[in-house]
Amino acid sequence: METQINTQPACEFAPWEDPVQKPFVRFENVTKKFGDFTAIEDLTLNIYEREFFALLGPSGCGKTTMMRMLAGFEYPTAGNIMLSQSNLHKAPPHKRPVNMMFQSYALFPHMTVEQNIGFGLKQEKTPKKEIKRRVEEMLSLVQLEPFTKRKPHQLSGGQKQRVALARSLAKKPRLLLLDEPLGALDRKLREQTQFELMSIQEQLGLTFVIVTHDQEEAMTVASRIAVMDHGKIVQVATPAEIYEYPNSRYSADFLGDVNIIEGQLDVTTGKTASLAWAEGETPLAISTKLRPPAGTTAWLAVRPEKLHISKEKPASADNCIKGEVWDIGYTGNISTFHVKASNGSILKVQVSNREHLADRPITWEDNVYVYWEKGAGVFLER
Amino acid sequence: MAVTDIASPPEEIQEPSGLSSGWGRRLFIAIPYIWLLVFFLAPFVIVLKISLSDVILARPPYFPNFDISEGWQGFLAMLRVFDLENYVWLAEDSLYLNSYLSSLRIASISTLLTLAIGYPIAYAMAKAPKEWRATLLMLVILPFWTSFLIRVYAWIGILKKEGFLNYFLLWTGIIDEPLMILNTDTAIYIGIVYSYLPFMVLPLYAVLEKLNISLLEAATDLGCSPLKAFWVITLPLSLPGVWAGCFLVFIPAVGEFVIPDILGGSSTIMIGKTLWVEFFSNRDWPVASAVAILLLLMLTLPIILFQKQQEKQAEASQ
């Protein structure tokens with residue numbers, strides 16, 4: 001990686017950069033098989049204390065299996081899972097300092113909100129007074145004080161989600177697992193809750209591991225994201241790193257929108273590689289330190305918002321492709337131009353709509369130039 | 001949390017308020033009510049009336065016999081000889097009280113036994129692999145394909161002194177002498193538990209199968225051992241099934257006649273048997289009717305409780 005980018009400028013929280021730091025959770029060559037099916041394949045991963053770590057991937061990629069192994073509902077077929085340097089082996093769920101917030105919330109329908117939240121403490125034989133105090137603390141944390149005596153079926157989806165969160169936090173677990181926690185909420189409420197989750201995590205200083213298939217959610221809440229595919233980890237990095245410097249087509253495509261141009265590597269001079277992408281077109285320049293031999297197939301990934309579009313040929317640009325406007329997607333704040341290049345491939349260009357509608361000159365079937373700086377694209381070998 | 005509901009409620013669809021459709025609907029609803037009126041309420045009124053009559057040697061063996069041809073006069077004549085002497089008789093002779101109490105006792109004990117045996121069966125069925133469940137359910141219902149009477153008779157062959165059970169136990173050496181099971185209360189318990197087990201298993205299976213596995217995972221995740229999770233989660237959530245199963249066994253077991261008659265001994269008195277003797281041996285229709293009416297009144301309470309339980313369950317599942 002060439003540049004290090006911090007997600008939150010105020011926060012220099014990056015224990016994964018520090019070689020002295022011991023990981024809080026460590027998956028050590030973990031393999032999990034269900035019969036013939038391999039859900040997790042020889043996976044090694046470190047998660048550090050106070051991290052908000054996201055496991056991101058499509059359904060069936062093994063992210064939920066990872067979480068269930070941490071909670072103790074499944075055990076690895078091979079390899080070890082360490083929690084603060086001690087091997088969890090086959091410790092059953094009720095003997096782990098780990099709590100989980102379930103996707104379906106799994107609230108006990110025959111208990112009130114209060115009883116649900118106090119359930120874990122009651123199992124620990126905590127004195128009644130202490131349980132009451134902690135339950136009240138949790139209720140105020142999730143702003144549910146008026147609903148103490150309600151049963152789960154008398155609550156809305158958002159309220160249920162809060163009870164589930166409060167219940168999983170009541171025992172002050174060292175590690176909280178969140179399994180698609182916001183999946184059942186509508187978009188507005190989801191965004192609001194994401195920020196609440198982050199502030200709660202920061203407030204309590206706990207380690208959170210979240211499983212999600214929603215890339216926006218992962219990027220919003222997480223300090224680091226592990227992009228998973230078919231039981232393997234494709235990339236582990238901060239959201240900004242994955243977005244700006246994806247290490248593969250898979251993670252580039254999974255996080256956000258991207259244009260991927262396939263080509264053959266031409267010549268590599270200094271820090272620039274050039275990619276022959278279509279017959280009779282100028283090769284594209286990409287900044288990279290990598291030196292694969294000429295002739296290998298490689299890919300250029302570039303985000304639509306990093307491309308420029310104009311009707312006139314730009315005076316100077318590292319890369320420029322001529323094409324025709326094929327389609328325009330208008331979503332209010334931005335317009336996405338689909339530009340068809342000479343070899344038939346479509347490039348997506350996003351332009352933020354600062355000008356008023358009437359002042360936008362480009363329309364369907366216009367001949368346009370799409371151009372970008374060589375540093376805007378990422379060179380991918382897989 | 002303020003979530004504005006922007007979706008407006010769907011507009012009310014005007015019901016076609018034609019006379020024909022209104023009457024059609026009423027007629028449709030009326031059919032089951034008429035059925036109940038003719039085949040349940042009317043016989044009940046007849047039994048009630050007989051229970052207030054006097055026994056005579058005649059055909060039918062009771063008096064007064066309301067003669068519909070005498071109309072209003074006949075009705076008044078019947079009222080004139082109205083008394084509760086059959087009920088008084090039931091109260092005076094301890095046989096009847098003992099029969100009622102013994103029936104309640106036997107029904108209660110066998111209900112508890114059925115629950116104790118049925119719960120693990122239902123639990124195992126609900127926990128069985130999905131592809132097995134339909135087969136297991138089938139096996140529970142299978143005995144209903146044979147006559148109830150034949151199945152109870154079959155138990156004689158198993159339980160009698162020279163029966164299969166004794167042969168087996170003697171052969172294994174567990175006992176030296178054959179056990180006397182047939183014609184005892186034990187035989188009645190075995191018969192009732194055997195016959196009514198499906199009524200216990202089916203409602204229990206229905207609730208246990210619906211139980212969300214993630215609730216148990218959540219409980220263990222919060223520090224519950226699996227055994228404790230059963231007590232605090234599975235059991236309370238299966239209570240509707242427990243109640244339904246218990247009522248379904250208890251109510252018919254109280255009035256059971258066939259099982260005590262076939263498997264029980266002469267020393268066991270149950271109200272169903274007493275009623276039969278009163279009606280067929282003594283030919284005392286009025287007293288038999290009084291016995292039946294009291295039995296019905298006695299069962300009204302558990303039936304009402306059962307109904308309440310069903311309503312509560314329906315409400316909770318909404």
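These numbers come from a predicted model, not from an experiment. By convention in this document, chain letters (A, B, ...) are assigned in the order of the sequence lines, proteins followed by strands, and residues within each chain are numbered from 1.
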Can you name the nearest heavy-atom pair linking A:Lys171 to B:Leu222, along with the distance?
-> NZ-O, 3.0 Å
Side chain / backbone / both / neither for A:Met101 at chain B, heavy atoms under 4.5 Å | neither
Would you call A:Gln123 and B:Ser225 a side-chain contact if the rule is heavy atoms closer than 4.5 Å?
-> no
Pairwise side-chain contact, A:Pro109 with B:Leu237, heavy-atom cut-off 4.5 Å (strictly under) = yes
Within 6.0 Å of NZ in A:Lys188, more than 12 heavy atoms from elsewhere | no
So does B:Trp243 have more than 12 non-hydrogen atoms from other groups sitting under 6.0 Å from CH2?
-> no
A:Pro93, A:Gly72, A:Ser168: which one forms the most heavy-atom pairs within less than 4.5 Å of chain B?
-> A:Pro93
So does A:Lys33 have more than 12 non-hydrogen atoms from other groups sitting under 6.0 Å from NZ?
-> no
Interatomic distance, OH@A:Tyr105 vs CG@B:Leu215, rounded to 0.5 Å, equals 14.5 Å
Per-residue contact mode, A:Phe102 against chain B (heavy atom under 4.5 angstrom) | side chain
Is it the side chain or the backbone of A:Arg167 that comes within 4.5 Å of chain B heavy atoms, both, or neither?
-> both
Side chain, backbone, both or neither: which part of B:Ala229 has a non-hydrogen atom closer than 4.5 Å to chain A?
-> neither
Part of A:Leu107 lying under 4.5 Å from any heavy atom of chain B = backbone
When you look at CZ of A:Phe195, are more than 12 heavy atoms from neighbouring residues, nucleotides or ligands closer to it than 6.0 Å?
-> no
Which pair of non-hydrogen atoms, one from A:His94 and one from B:Pro226, has the smallest distance, and what is that distance?
-> CE1-CD, 3.6 Å
Would you say A:Glu202 has more than 12 foreign heavy atoms packed within less than 6.0 Å of its CD?
-> no
Counting only heavy atoms not in A:Arg50, do more than 12 sit closer than 6.0 Å to its CZ atom?
-> no
Where A:His110 and B:Pro236 come nearest, the two heavy atoms and their spacing | CD2-CB, 3.5 Å
Least distance between heavy atoms, A:Met100 atom then B:Asp221 atom = N-OD2, 2.6 Å
Near B:Tyr33 OH, under 6.0 Å, is it more than 12 heavy atoms from other residues, nucleotides or ligands?
-> no
Would a 4.5 Å heavy-atom cut-off, applied to side chains only, mark A:Phe119 and B:Val232 as touching?
-> yes
With a 4.5 Å cut-off on heavy-atom pairs, point out which of B:Leu216, B:Asn212, B:Thr220 contacts chain A the most.
-> B:Thr220
